[in-house]
Every structure is written in structure tokens, then in C-alpha cells.
*Asks:* 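Structure provided below as C-alpha cells; questions to follow.
In the text below, chain A, chain B and the rest are named by the order of the sequence lines, each starting its count at 1. All values derive from a computational prediction rather than experimental measurement.
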Amino acid sequence: MKKIISLLMAILMIATLSLTLTSCSYKDDVRSVKEAGKLVVGVTIYKPMDYIDDETGEWTGFDAELAKMFAKELGVNCQLVIIDWNNKVAELNSKQIDLIWNGMTADEKLGKQIDFSVSYAKNAQVAVVKKNSTLTKDGIKNATVAVENGSAGETVARTDIGATKLVERSDGQVGALSEVLAGTADVAIIDITMAQSVVGKEDYSDLMILEGVSYGDEIFAVGLRKDSNLKAKLDAFLKAKYADGTITDLAAKYEVGINEDALK
Amino acid sequence: MENFLNVLTELSGGFVTSVLLFFFTLLLSLPLGLIISFCTMSKFKPLSALSKIVVWVLRGTPLMLQVFAIFYLPGLLNLFVWPQMNTGWEWFDTTFSTRFIAALAAFAINYAAYFSEIFRGGIQSISQGQYEAGQVLGMTKSEIFFKIILLQVVKRIIPPMSNEIITLIKDTSLANTIVVCELIFEAKEFMLEGLIWPLFAAGAFYLIFVGVLTVLFNKAEKKLDYFKA
């Protein structure tokens, strides 16, 4: 009797260990999302893409609003969950989340692990000058360039432009702008998202973004599982929302630079 | 001041999660540990060998890795996806989230492995005479274990157990690998806003909790003093 019990316990332990549970496939993401009745989107707190509104306590932001619209189109609820950014691929591939939608830079390395939607937004470095400036793209090299210390703008100024006269501010990109305002620098190299949100407004109304000048393009896309059939739906959704002006309005509201070429 | 209260409220929320994880882990791992210790001591060789391997794996790999594996592996291997609680009671659903349950499973199994070895040490330290005395009195095997052996074991294992249990409350922070919003997770959220001191305030929470535990263990030890083994 005792031996039988022992044997049963041993079998039970092996069974639990090897997790011999019925396996089911989830390649059909559209169906599994609809069956679950919710679209689970992995995010982090990242203004202006995904963040919690202080007053309402609800998720908001450029990406969050789009994600909610997409879920509505699928006829399911939208659930935004905070993930550890380092674990984003594990979260996605283990089906804990259905999409990564968090101003994610789509690069080649990540593309080997997951699929990307059509790119809907972009980040780049732009040149900000005074409104009456006569500086041209070629002239930036010899001008005094203000950047934030350690920023992508600094890298661009050193490598892409090859500027020699650099003013490095350690108090953020706004510090670089104030150099231009004060006339102590001719041009500032900062993020396009940042530039679009402040340049030409209030204290920075005397500044403008130099047309036709941008460096180090990064594109933002939504992350999906490899070969997910959600991609076709998502791409169609993003293009439709660009065509009807929704994305353009949201971009203006949250001051995000959209990737018009990809969405056309 | 308002800021200070806000931080304390957030940290308290995280602390509740940590403490819940702590208590439920104890609740599950103590009996599970006892079962594993019986398996290890079994005279049936395959069973004791198997449970020794299990203990080796559980003690031999980082708990953080086990939490990660328990949460992500089932989905990555297409076995199953941890289900979401859906009672409609928001506090319950968010506190006992999928992530919490997965972390609890990992903690319970891991701590059961450590506890099983402590139990084994305690049980094997009781002299054969105690068993013989029980037999003379005509007690059954289970009566001997529960009425004579167990309480003596409990007294002997309190110091090593208190060590493990104190480690457990601090180990709960490993659950934030899979974004369980426990104390350290909440404290780190403030670092995004540039606040560092909440992390040290979190330390005070653990310190106070461990202080209470230490007092309780001392009392328990004194209460069991009548066993002059």
C-alpha cells in the first residue's frame, strides 16, 4: 500500500513538472483576441505616447488613444498593461500581451524577433534657429551648435554634421533652445517631438524649425507576434485613420511627428 | 507635505501586495515543504531520488529566473496562458492578478524546497527513543508523528525557519521581474519622476515588518521552552 502511494506521488510530481497539459495554438491572433473579448496592449509610462491622466486616472496619450480605437474596431475591450520594457518580447511571445504600442523604435535587431506594423510616427533630430536666421543646412557645420549633453542631438551634431563649435547644455533640450534665444548659439539640434511641442509657442515664439533639415531618422511602429494575422488589420486601421485625419489631429494634440510617407 | 503623503500612500499599496505575497507563500510552502521532506526521506528510492533532484533544481537556480520561467514559459511553449481573475471586484482582480498568481506559484515552490530541507533536518534530529516510546504506548505511526514528534521538531527548527521567513519578505521584491506592483516596484516608479528617497522609505517598511517578525519568533521560542530536549 505504502509503495503504491509513493509511486502515485512520484507520477504526480513528474506530471506537474513536465507540464503535460493540452497544448493549443494561438497563431490566429484575431480569433483569440475576439474570443478573449479584449486586446491586451503592453506599454510603459511614456509621455506623450502612453501615460495616465492625473485628473481622470485613465490611460491617455497618442498611442493609448489609437490602441483604444483599434480595439473598438475589433469589437473588444482595450486593456493597457504596464510591462518591463526589457521583457517586451517575452511578454508578447508568451501571449501575455497582444501588441506592444509604446513609441517603440522599429529597428532591424528587434525585427528578427517580432513583426512591426506599418510605421505611424517618427523621431528625428531637427535644427532650430531664430526666425530671422539665414542659416542653411550646409552652414550648420561652421555655426555654433547648442545640444543637450549626451543626447541623440549631440551624436548627430558630432558625427552627421561634424560641427566644431558645440555648446553642451546639461539642463535638457530646453537649455539648448535658450542658447539660441539668447544668441549665444546659432542653432540647436533637438528631438522633432520636442521641437514641435515648444518651438513657435510662448517663450519660444521667436524660434522656428529649419525646413528640410533632419538627421538620424528613427521610426515608431507597433510590435506584433511573428506572422500574426492582426498585422493586416492593424495596418489597414492605421492607414484608414491617417486618411480620415484622425492621426493628424492626434499628432497635433500630443505633438508627435507622424510618418506620413509610410501611412499614405 | 502633500507629496510626502502621496508617496506613503503609494508605498503602502505596494507593501500590502508584498505582505499578501509573503503570507500566501508561507501558507502554501509550509505544507508543501513537509510533503517534499517526506518524499526525500522515503524508503522508496525513485521517489526520494526524484524529490532530491527537484530540490536541487529549485535551490540551484535563481528565484528570479524561476519567477520568469513560471510566468512566461507556458505561453512561450504554447502550453497555456495564465488566466486573468475576473470577479468584477476591481481591488481583488488587480491585486490577485495573473502576475501575482504566477509569482506566488514560483515563490511557494521555491520556498517549499528550502523548508523541506529544514524539516528533514528537524525530523531526523529527533532521537529514535521518542518513536519507541510512542510504540510502547500503542500509538499508530501517524499518532506518533503528530502528537510526539512534530512539536519537538517545531521548537528545533524555529531559528533556521525564522532566517528563511525573514529572507522571504525581502525576496518578494523579485516579483517585480514580471511587474507585480509590490513595494520596490512602487518605489522605483517614483524614480521616473526624479524622486529617490521613496526607495529608502521602502526600506523602512521592510525593517519594521522584520522587527515585528523577530519579536514574534522570540516569543514563539520562549513558549516552546518546555521541551528541554
*Asks:* Can you check whether anything in residues 170-183 of chain B gets within less than 4.5 Å of chain A, heavy-atom wise, and list it by number?
*Replies:* T177(B), V179(B)

*Asks:* Evaluate whether atom CD of E55(A) has more than 12 neighbouring non-hydrogen atoms of other residues, nucleotides or ligands under 6.0 angstrom away.
*Replies:* no

*Asks:* Going from CG on L76(B) to CG on L92(A), what distance comes out if it is rounded to the nearest 0.5 angstrom?
*Replies:* 10.0 Å

*Asks:* Which bit of T98(B) is near chain A, if near means a heavy-atom gap under 4.5 Å: side chain, backbone, both or neither?
*Replies:* side chain

*Asks:* So with a 6.0 Å cut-off around NZ of K226(A), is the heavy-atom count from everything else above 12?
*Replies:* yes

*Asks:* Assess whether atom OH of Y131(B) is packed by more than 12 heavy atoms of other residues, nucleotides or ligands within 6.0 Å.
*Replies:* yes

*Asks:* Atom NZ of residue position K68(A) - does it have more than 12 heavy atoms of other residues, nucleotides or ligands inside 6.0 Å?
*Replies:* yes

*Asks:* Report, by ascending residue number, the residues of residues 55-73 of chain B in heavy-atom contact with chain A at a distance under 4.5 Å; give 'none' if the set is empty.
*Replies:* F68(B), F71(B), Y72(B)

